[in-house]
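Below: the structure, in structure tokens.
Numbering of ligands and ligand atoms starts at 1, following listing order.
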Amino acid sequence: MNPLQVRQLVIDIPGRASGQALDFTVEPGQIWGVLGPNGAGKTTLLHTLAGLRAPRSGDILLGAESLAGLKRRTVSRQLGLVFQDRQDGFPATVMETALIGRHPWLSPWQMEGGEDLAMAEKALAVMDVSHLADRLVNTLSGGERQRVAIATVLTQNPGTWLLDEPTNHLDLHHQVAVMNLLKQQASEGRAVFMCLHDLNLAARWCDHLLLLYPSGDACWGPAGRMLVPSALESLYGQRLITTELDGAPVFVPVRS
Ligand SMILES: Nc1ncnc2c1ncn2[C@@H]1O[C@H](COP(=O)(O)OP(=O)(O)OP(=O)(O)O)[C@@H](O)[C@H]1O
């Protein structure tokens, strides 16, 4: 699996003066969380890393190759993206949606084969949506739709997962199931890079964190070094009570 290398990257936020250049490598086996308040640029960063938006400056490399010079098919075999929002413009079933994950691996007019179908079926089972396989996705609940989006990337089987708030809409049990799935993906040598609003999920599951400030400032590194209560309070403009439970720090907002 190729590491995702971010080199002197400045993301393009309209109307914002250029912020701090980002420079880090997401290595296979790592789980990165991106934290920051609304509007800080988390989604913009994720879309830039996926090659969907041009950076203002800097470069992104997959292995030794610049992302900008790679064919989309090559990129989509290596990077999978779970969007924060999705438009279900076309009527498609859950199974048809999961099978879209195989498209980077098929030639333009090639139909999905038995192996592709088996991968999609397995992904739907892992995400607990097998019973919905024949349903149209636009009839699903928010959490069911989110699980189908993750199942689609599971079917795609990329080396690096990019996820925009993957626990959105999910009940507590499915939030934990998704975080454990991502942990398993990392333990199998894939890399995970995700935006999260839940500090406690980040503290429990991420080994690296990137803190993005609305000013364009940023800091990143191993999670233990980033989870400093005063830094998190200034990131969110929110006072926090900090404790430790079950071997991980826990952050609770002060009520007043
Ligand atoms: N096409 C656009 N035109 C103008 N401004 C934009 C555009 N796209 C994004 N922005 C602005 O860029 C900033 C960063 O947006 P982004 O969606 O990356 O933030 P975010 O950190 O993901 O926020 P949230 O936590 O609310 O999802 C926001 O202020 C947003 O309004």
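Among Q84, H197, K42, the residue whose heavy atom lies closest to atom 27 (O) of ligand 1 is Q84. Proximity annotation for atom 16 (P) of ligand 1: of D164, V34, N38, T44, T44 comes nearest, heavy atoms only.
Looking only at heavy atoms of the protein, atom 8 (N) of ligand 1 is closest to R53 NH1, 3.7 Å. With respect to atom 23 (O) of ligand 1, the closest heavy atom belonging to the protein is G39 N, 2.9 Å. With respect to atom 17 (O) of ligand 1, the closest heavy atom belonging to the protein is T43 CB, 3.6 Å. Looking from atom 10 (N) of ligand 1 to the surrounding protein, the closest heavy atom is P14 CD, 4.0 Å. The nearest heavy-atom contact from the protein to atom 12 (O) of ligand 1 is I13 CG2, 3.4 Å.
When distances from atom 1 (N) of ligand 1 to the protein are checked, no heavy atom turns up under 4.0 Å. Atom 31 (O) of ligand 1 is not flagged as protein-proximal [any protein heavy atom, distance under 4.0 Å].
Between L106 and D116 the shortest side-chain heavy-atom distance falls below 4.5 Å. Looking at heavy atoms from C-beta onward, L196 lies out of side-chain contact with W205 at the 4.5 angstrom threshold. Within the 4.5 Å cutoff, the side chain of V153 has heavy atoms near those of the W161 side chain. You'll find the side chain of L9 reaches within 4.5 Å of the side chain of I60, heavy atoms only. The shortest side-chain heavy-atom distance between L99 and L117 falls under the 4.5 Å cut-off.
R7 and D59 are not joined by a salt bridge, as no carboxylate oxygen comes within less than 4.0 angstrom of a charged side-chain nitrogen. Classification of D12 and R53 as a salt-bridged pair fails, no side-chain N sitting under 4.0 Å from a carboxylate O.
No hydrogens or angles considered: nothing links the side chains of S76 and R72 as a donor-acceptor pair under 3.5 Å.
Look at A40 and you'll find a heavy atom under 4.0 Å from some atom of ligand 1. Contact between P37 and ligand 1 is present, with at least one heavy atom of the residue lying under 4.0 Å from the ligand.
If you number the atoms of ligand 1 from 1 as listed, the ones under 4.0 Å from a heavy atom of E165 come out as 27 (O).
Taking distance alone, with nitrogen or oxygen atoms compared against 3.5 Å, G41 approaches ligand 1 more closely than that limit.
In summary, the aromatic rings of H208 and F193 are positioned with their centroids too far apart to meet the 6.0 Å limit.
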